[in-house]
Amino acid sequence: MADPIVFAGEVEWSGENPGISLKEDPNGPFVTLASFFRVVLSPHGRGHALVLLQSPGEANPPADRANYCLYDNEALARYLVSGFVSHFGAFKGLPGLDNLTYRRLDKVETSGDPTSTYTEAVKAGDLDVRLTWSGLGKPFCFVLPPDKSATGKHHMPSLFVGCNDATVTVNGRVLPGKPVPREIAGQTITTAMLAFSETWIRA
């Protein structure tokens, strides 16, 4: 029997982190960004969070294009934004992260099938947001070493499911953009994917 693979270091959080990053021009900037978290273990306990940038390039956009962090565990949400989302490639250095509106979640609901079409829907006051992934592909499992992880400090084992298309809808309004091709762990997917069984282990 082969020896087990054991990652040295501290498990900082584990859970799910599907995301949607959309562009209007494949060579242009991202125009819509959404990173959803369902965390089962962390220094701040369990919880959900959605970081939604309707205006990635603006620190103070108008109210109808506000940038949000929606949460049911505020300490966890702020920990994820400062320690992880701010390092994610699509989000890093964006003015839209500088002045997020934090709002408590009232409801989180999952529907669909991760082999075809999958949706995370959240409600926070008068804000209804739906993230939908469609044309889902074959799941694959991999580990990013610290030097290739977003933070540069963590092992990141995860299970990804790529998709052909994805939408972000806010109060019935479909936000602009489409996912574009990307490569990770030797797989060509897009900038929208499901990420399950994701664990960040500080090296």
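Every heavy atom of this structure was used, including side-chain atoms; hydrogens, water molecules and symmetry mates were not.
The list of salt bridge (Lys or Arg N to Asp or Glu O under 4.0 Å) pairs with a residue in residues 68-89, not counting sequence neighbours, reads Glu74-Arg78.
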Q: Output, in order, the C-alpha distance, side-chain angles, deciding distance and verdict of side chain to side chain contact (heavy atoms under 4.5 Å, CB included) for Trp133 and Ile20.
A: CA-CA 8 Å; Trp133 296 260; Ile20 297 177; 3.4 Å; yes
Q: Determine, step by step, whether Asn60 and Asn99 satisfy the side chain to side chain contact (heavy atoms under 4.5 Å, CB included) criterion, reporting the C-alpha distance in whole Å, the side-chain angles of both residues, the deciding distance to 0.1 Å, and the verdict.
A: CA-CA 7 Å; Asn60 296 290; Asn99 192 24; 2.8 Å; yes
Q: Go through the steps for Val122 and Phe36 under the test side chain to side chain contact (heavy atoms under 4.5 Å, CB included), then give the verdict.
A: CA-CA 10 Å; Val122 304; Phe36 177 83; 4.0 Å; yes
Q.
Let's go through Val85 and Phe37 carefully: what are the C-alpha distance in whole Å and the side-chain angles of both, what is the deciding distance for side chain to side chain contact (heavy atoms under 4.5 Å, CB included) to 0.1 Å, and is it a yes or a no?
A. CA-CA 10 Å; Val85 179; Phe37 295 86; 3.5 Å; yes
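Thr117 and Ser134 form no side-chain donor-acceptor contact under 3.5 Å, judged by distance and modelled atom types alone. Side-chain polar atoms of Arg38 and Thr110 form a donor-acceptor pair below 3.5 angstrom.
Using cut-offs of 30° and 60° on the angle between ring planes, the pair Phe142 and Phe160 is perpendicular. Between Trp200 and Trp13, the angle of the ring planes stays under 30°, which puts this pair in the parallel group of the 30/60° scheme.
Taking both residues in full, the closest heavy atoms of Val39 and Gly45 are given as CG1-O, 4.0 Å, listed atom of the first, atom of the second, then distance. The minimum heavy-atom distance linking Ile201 with Thr199 is given by the pair CG1-CG2, 3.8 Å. Looking at every heavy atom in both residues, Lys92 comes nearest to His87 through CD-O, 4.1 Å. Residues Ser21 and Leu33 share a closest heavy-atom pair of OG-CD2, 3.3 Å. Counting all heavy atoms, side chain and backbone alike, His155 lies closest to Pro145 at ND1-CA, 4.3 Å. Of all non-hydrogen atoms in Glu24 and Pro176, the two that sit nearest each other are OE2-CB, 3.6 Å.
Put simply, the side chain of Asn17 reaches to within 4.5 Å of the side chain of Phe88, judged on heavy atoms. The side-chain heavy atoms of Glu120 and His48, taken from C-beta on, include no pair separated by under 4.5 Å. In this structure, Phe140 and Ile189 have side chains that are in contact, with non-hydrogen atoms separated by less than 4.5 Å. The shortest side-chain heavy-atom distance between Phe196 and Pro139 does not fall under the 4.5 Å cut-off. Residues Asn67 and Leu97 form no side-chain contact, since every pair of their non-hydrogen atoms from C-beta on lies 4.5 Å or further apart. Within the 4.5 Å cutoff, the side chain of Cys163 has heavy atoms near those of the Thr190 side chain. For the pair Leu136 and Thr115, the minimum side-chain heavy-atom distance is 4.5 Å or more. Counting only heavy atoms from C-beta outward, the side chains of Leu53 and Leu100 approach each other to under 4.5 Å.
In this structure, the side chain of Asn171 engages the main chain of Asp128 through a donor-acceptor pair within 3.5 Å. Although no hydrogens or angles enter the test, the distance criterion places a donor-acceptor pair under 3.5 Å between the side chain of Asn73 and the main chain of His44. Looking only at distances, a side-chain donor or acceptor of Ser149 sits under 3.5 Å from a matching main-chain atom of His154. Within the 3.5 Å criterion, the main-chain N or O of Thr188 finds no donor-acceptor partner in the side chain of Glu183. A donor-acceptor pair is defined here as one N or O able to donate and one able to accept, closer than 3.5 Å; no such pair exists between the side chain of Ser197 and the backbone of Leu159. Looking at Ser158, its side chain never comes within 3.5 Å of a backbone N or O of Ala195 through a donor-acceptor pair.
More than 12 non-hydrogen atoms from other residues, nucleotides or ligands lie less than 6.0 angstrom from NZ of Lys123. Counted within 6.0 Å of NZ on Lys153, heavy atoms from surrounding residues, nucleotides or ligands total 12 or fewer; the atom is thus considered open.
Residues Tyr79 and Tyr68 do not share a hydrophobic cluster, clusters being chains of Ile/Leu/Val/Met/Phe/Trp/Tyr side chains in contact below 4.5 Å. A continuous path of Ile, Leu, Val, Met, Phe, Trp and Tyr side chains, each step under 4.5 Å between heavy atoms, connects Leu80 with Tyr71, placing both in one hydrophobic cluster. Cluster annotation: Val180 is not connected to Val174 through the hydrophobic network of ILVMFWY side chains, with a link wherever side-chain heavy atoms come within less than 4.5 Å. Note on Phe7 and Val11: same hydrophobic cluster, where clusters join Ile, Leu, Val, Met, Phe, Trp and Tyr whose side-chain heavy atoms are under 4.5 Å apart, directly or indirectly. Leu70 and Leu52 end up in the same hydrophobic cluster when Ile, Leu, Val, Met, Phe, Trp and Tyr side chains are linked at under 4.5 Å.
Taken to the nearest 0.5 Å, the OG1 atom of Thr151 stands 7.0 Å off from the CZ atom of Arg202. From Glu198, atom CD reaches atom CD of Glu16 across 9.5 Å, with rounding to the nearest 0.5 Å. Thr167 contributes atom OG1, which lies 8.5 Å from atom CG of Leu22 (distance to the nearest 0.5 angstrom). Ile184 contributes atom CD1, which lies 11.5 Å from atom NZ of Lys148 (distance to the nearest 0.5 angstrom). Expressed to the nearest 0.5 Å, how far CG of Leu131 lies from OG of Ser35 amounts to 9.5 Å. Rounding to the nearest 0.5 angstrom, the gap separating the SG atom in Cys69 from the CG atom in Leu105 is 8.5 Å.
With sequence neighbours left out, Arg103 forms a salt bridge (Lys or Arg N to Asp or Glu O under 4.0 Å) with Asp126.
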